[in-house]
Amino acid sequence: MGSKSSWSMVALAIMALSVVAMLDGCMAQSFCNTSLAELFKCKPAVTPPNPSPPTPECCAVVAKADLKCLCGLKNSPLVPTLGIDLNLAFQLPAKCNLSLPPQC
């Protein structure tokens, strides 16, 4: 386990576990006007390779979320570690008949 690629994999695994632990501890906390638990209602619609259409529950979460705030995650390196495809995520408002803020 002395190779550079092995250490890179260990570092990536630690980072992923840290994100999971962080999310586990704050699922009920408010984030962009919604909770992470609510946002995870949309996970099937933003997970490749075969995302499902957003459910009415997912669209209700998207409708109440602060989309301008969520736009700040557009370049986040952590979101993909959760299995979320950012391109699919940013298609959700249109699929829910909502519009993204112009700054997104």
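The structure presented is a predicted model; accordingly, all values stated were derived computationally and were not measured.
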Shortest non-hydrogen contact from [X] toward [Y]:
X: A65; Y: L70; result: CB-CD1, 3.8 Å
X: L67; Y: S99; result: CD1-O, 3.6 Å
X: L92; Y: A45; result: CD2-CB, 3.8 Å
X: I84; Y: K43; result: CG1-CE, 4.3 Å
X: V61; Y: K41; result: CG2-CD, 4.1 Å

Within-4.5 Å side-chain heavy-atom neighbours: [X] and [Y]:
X: P51; Y: D85; result: no
X: N33; Y: C69; result: no
X: V62; Y: T34; result: no

Distance in Å, L39 CG paired with L82 CG, rounded so as to fall on 0.5 Å steps
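If I round to the nearest 0.5 Å, the distance is 11.0 Å.
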Looking at K74 and F90, would you say the former's side chain and the latter's main chain have a donor-acceptor pair under 3.5 Å?
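Absent.
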Hey, mind stepping through C42 and C58 against disulfide bond (SG atoms under 2.5 Å apart) and telling me if it holds?
CA-CA 5 Å; C42 295; C58 170; 2.1 Å; yes
